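Quantities reported herein were computed from a predicted structural model and do not represent experimental measurements.
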Amino acid sequence: HTRSCLARGLGDVYKRQLVYIQLLEYLKDTLEEQELKFFCEFIKTLNMKQTAKAMNISLATAYRIHKRVKGVCEEFLLTK
């Protein structure tokens, strides 16, 4: 019983990793260069102000790009 639970749990981990890899590929194919750079910078800290500062963009621009990236991620998840 324990072995099957572990195997099932590992299977779930691999499925999540596969979806994450597919999401990254989708983002690379869909986002503009600045949007992809924003995503890569944002996931380091999940902090909008730090991301804007690191990219040397206004906070308003950061929020606009974030909204676009979030929409693309949601679009991807709805098709999976």
Just jot down the side chain to side chain donor-acceptor pair (under 3.5 Å) partners of [X], sequence neighbours excluded, or say none.
X     : answer
Glu33 : Lys37
Lys67 : none
Thr61 : Ser58

Quiz item: Pairs in or reaching into residues 20-29: which pass salt bridge (Lys or Arg N to Asp or Glu O under 4.0 Å), with residues at least two apart or in two chains?
Solution: Glu25-Lys28
Quiz item: Can you pull the side-chain hydrogen bond (donor to acceptor under 3.5 Å, both in side chains) pairs that have at least one residue in residues 68-78, sequence neighbours excluded?
Solution: Tyr26-Glu75, Glu35-Arg68
Practice problem: Establish whether Tyr20 and Phe42 are linked, either directly or via other cluster members, by ILVMFWY side-chain heavy-atom contacts under 4.5 Å. | Solution: yes
Quiz item: Do you reckon Leu77 sits in the same ILVMFWY cluster as Leu18, going by side-chain contacts under 4.5 Å, direct or chained?
Solution: no
Practice problem: Can you see which heavy atom on Phe39 is nearest to which on Leu24, and at what distance? | Solution: CE2-CD2, 3.7 Å
Going by the rule side chain to side chain contact (heavy atoms under 4.5 Å, CB included), which residues pair with [X] if we only count those two or more places apart in sequence or in a different chain?
X     : answer
Ala62 : Phe38, Met48, Ala52, Ile57
Leu23 : Leu27, Cys73, Phe76
Ile21 : none
Thr79 : none

Quiz item: Once you round to the nearest 0.5 Å, how far does OG1 of Thr51 lie from NZ of Lys44?
Solution: 9.0 Å
Exercise. Output, in order, the C-alpha distance, side-chain angles, deciding distance and verdict of side chain to side chain contact (heavy atoms under 4.5 Å, CB included) for Met55 and Gln34.
Key: CA-CA 9 Å; Met55 292 188 63; Gln34 186 186 34; 4.1 Å; yes
Quiz item: Residues in salt bridge (charged side-chain N to carboxylate O under 4.0 Å, His left out) with Lys49, at least two apart?
Solution: none
